[in-house]
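Okay, so here's the structure we're looking at.
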2 protein chains.
Amino acid sequence: MSPTGKNADPTGNQVPAATVARLPTYLRALHLLIERGVGTSSSSGLAELSGVSSAQLRKDLSFLGSFGTRGVGYNVEALAESMNRVLGLATEHRVMIVGMGNLGQALADYRGYDSRGFKVVALLDNNDGVIGKDVRGIVVEAMADIDAVVERERVSFAIVATPARSAQDAVDAIVQAGVRGILSFAPISLQVPDDVDVQAVDVGSELQILAFHKQAREMGMA
Amino acid sequence: MSPTGKNADPTGNQVPAATVARLPTYLRALHLLIERGVGTSSSSGLAELSGVSSAQLRKDLSFLGSFGTRGVGYNVEALAESMNRVLGLATEHRVMIVGMGNLGQALADYRGYDSRGFKVVALLDNNDGVIGKDVRGIVVEAMADIDAVVERERVSFAIVATPARSAQDAVDAIVQAGVRGILSFAPISLQVPDDVDVQAVDVGSELQILAFHKQAREMGMA
DNA sequence: GCGTGTGAAGAACTTCACAGCT
DNA sequence: AGCTGTGAAGTTCTTCACACGC
């Protein structure tokens with residue numbers, strides 16, 4: 001999960017991968033509380049909003065530091081800010097989307113990047129029918145120019161939204177261009193060097209997991 | 001992860017959640033091998049394609065039954081078929097997409113459902129500007145009609161692609177209509193009854209995990 | 001008194017290593 | 001001889017339960 005096998009937090013300690021995966025959820029819950037004007041929350045309140053146990057939440061936070069006040073709870077804003085720092089969101093991260101089909105365009109249109117620390121700075125495709133097109137103020141460029149684009153825009157992360165058959169080639173080019181974090185929506189297992197970090201999302205796989213659970217439910221009843 | 005906390009396989013045993021999450025990956029690898037005309041594969045060959053260790057793959061398969069031949073390996077087609085059965089993909093599952101914004105339309109356009117056992121049979125939205133529109137041969141219907149749609153189309157699963165603010169309402173309606181498996185793309189934690197199964201995908205959260213790893217990498221080097 | 005922070009216990013998952021079948 | 005299937009060992013993750021500080 002981690003490229004190095006080590007997840008160092010700002011104090012140099014190790015953070016379990018399972019904990020890292022939950023941090024964004026906690027941050028979402030905190031933003032919700034801020035919106036609602038809640039100033040303080042207990043671990044159980046925050047945990048319920050996040051869908052985990054209060055013990056789990058406290059243990060997770062303990063890997064990052066000590067943020068609460070005994071007998072009181074957590075200062076919502078202060079915790080959100082600490083968590084931002086831990087997640088490395090203090091500075092904006094620059095994202096490139098590769099593959100401008102339906103999904104790529106939908107991802108380019110997504111409104112949620114800014115509020116969560118990301119900015120889409122480049123769009124790439126290898127299809128002449130799309131290259132040059134303007135999508136939400138960004139002109140789609142050619143895959144062939146990827147090295148120049150990554151350098152010019154100082155891209156940190158790439159989102160892969162190509163068809164399955166071209167995804168591995170796209171990833172090879174992305175890695176070659178120096179990007180070390182990839183979010184892939186392509187329904188294949190990608191091969192990357194050890195120092196590159198891949199998060200994969202596959203709609204078909206998620207549905208198949210639902211199908212398994214449904215079947216388990218139905219058999220459990222028989 | 002599982003609604004009941006128990007994952008019964010066809011023989012009545014328990015399958016760990018972590019194993020269930022990997023089964024779709026194995027199935028993808030098997031389809032790749034079938035395409036390539038490979039008839040037999042060892043656990044290590046299949047594992048490499050799937051990005052896991054051979055011991056992991058053998059252990060995972062052992063929860064489902066005994067599919068290989070010692071000294072030889074696995075018959076690719078037979079294993080794919082067994083896995084289809086285990087995952088409950090023998091019959092086609094009927095899917096409804098709720099929320100026809102950019103993402104919903106991109107998901108409706110996605111070509112990968114059929115080959116993986118799913119069929120999109122209904123599209124819903126609560127915006128008059130979209131209701132009645134034809135998307136790939138399916139007319140978008142009103143959220144208000146959800147109960148009738150679920151019954152008429154015998155919907156098994158719902159994909160939620162609404163904005164965050166309306167996602168919980170959409171999920172409540174989906175559950176009320178009798179659907180027990182939900183794949184959500186909304187960036188919020190959803191509250192559902194215990195017997196409803198939710199798989200959640202959040203682009204922002206995935207990017208934040210990448211950001212954490214990047215930060216850990218950079219601090220680890222200092 | 002109250003809720004956090006945390007060692008310790010327990011559960012789940014992964015890896016090891018080899019017996020057993022072909 | 002070779003590769004699967006699997007108990008056992010090892011690791012990671014979760015839950016428990018209580019000491020600690022407000």
Side-chain angles (χ1 to χ4, degrees), chain A residues 1-2 4-9 11 13-23 25-26 29-30 33 38-76 78-79 82-83 86 209, chain B residues 1-2 4-9 11 13-23 25-26 29-30 33 38-76 78-79 82-83 86 209:
Chain A
M1 188 144 280
S2 164
T4 59
K6 297 173 185 221
N7 285 325
D9 79 351
T11 65
N13 299 322
Q14 305 281 317
V15 184
T19 294
V20 173
R22 281 185 295 266
L23 297 181
T25 306
Y26 300 154
L30 286 167
L33 289 175
V38 176
T40 304
S41 173
S42 67
S43 64
S44 43
L46 193 50
E48 191 171 4
L49 273 176
S50 307
V52 304
S53 72
S54 62
Q56 176 92 85
L57 183 134
R58 290 201 304 279
K59 178 61 97 179
D60 282 342
L61 294 185
S62 78
F63 290 113
L64 311 175
S66 187
F67 302 106
T69 307
R70 288 170 200 237
V72 179
Y74 301 92
N75 177 304
V76 170
L79 181 55
S82 298
M83 193 118 37
V86 167
I209 293 170
Chain B
M1 189 143 278
S2 164
T4 57
K6 296 170 189 228
N7 285 324
D9 79 354
T11 65
N13 299 323
Q14 304 282 314
V15 183
T19 295
V20 174
R22 280 186 294 267
L23 297 182
T25 305
Y26 299 154
L30 286 167
L33 289 175
V38 176
T40 303
S41 172
S42 67
S43 64
S44 44
L46 192 51
E48 191 171 4
L49 271 177
S50 307
V52 303
S53 72
S54 62
Q56 176 93 87
L57 183 134
R58 289 200 305 278
K59 178 62 97 176
D60 282 342
L61 293 185
S62 78
F63 289 112
L64 310 176
S66 187
F67 302 106
T69 307
R70 291 172 197 233
V72 178
Y74 300 91
N75 178 305
V76 170
L79 182 54
S82 298
M83 193 124 21
V86 166
I209 293 170

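Small disclaimer: the values here were computed from a predicted structure and weren't measured. To find a chain, count down the sequence lines: A is the first, B the second, and so on, and within it residues start at 1.
- Scanning all heavy atoms of the two residues, the minimum distance from B:Ile209 to A:Ala21 falls at CD1-CA, 3.9 Å.
- Pairs passing the side chain to side chain donor-acceptor pair (under 3.5 Å) check and including a residue from residues 61-70 of chain B, sequence neighbours excluded, do not occur.
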At under 4.0 Å between heavy atoms, which parts of nucleotides 5-14 of chain D does protein reach? Answer with one letter per nucleotide, 5' to 3': B base, S sugar-phosphate only, - none. BBBB----SS
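- Between the two ends of the helix from C:dG1-D:dC22 to C:dT22-D:dA1, each summarised by a five-pair axis, the helix axis turns through 0° (rounded to 10 degrees).
- C:dT6 atom P lies 14 Å from atom CG of A:Leu57, rounded to whole Å.
- With rounding to whole Å, B:Asn75 atom CG is found 15 Å from C:dT22 atom C1'.
- Smallest separation of non-hydrogen atoms from A:Met83 and A:Tyr26: CE-CB, 3.6 Å.
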In sequence, state the C-alpha distance, the side-chain angles, and the governing distance for A:Tyr74 and A:Leu30, and then conclude on side-chain contact (heavy atoms from CB on, under 4.5 Å). CA-CA 10 Å; A:Tyr74 301 92; A:Leu30 286 167; over 6 Å; no
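- Nearest heavy atoms, B:Leu64 versus B:Val86: CD2-CG1, 3.6 Å.
- Under the salt bridge (Lys or Arg N to Asp or Glu O under 4.0 Å) criterion, B:Arg22 pairs with B:Asp60, not counting sequence neighbours.
- Evaluation of the side chain to side chain contact (heavy atoms under 4.5 Å, CB included) rule for B:Thr40 yields B:Val72 as partners, not counting sequence neighbours.
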Show me the donor-acceptor pairs within less than 3.5 Å that the side chains of residues 44-54 of chain B make with the rest of the protein, sequence neighbours left out.
| unit_1 | atom_1 | unit_2 | atom_2 | d |
| --- | --- | --- | --- | --- |
| B:Ser44 | OG | B:Ser42 | OG | 3.1 |
| B:Ser50 | OG | B:Leu46 | O | 2.8 |
| B:Ser53 | OG | B:Gln56 | N | 3.0 |

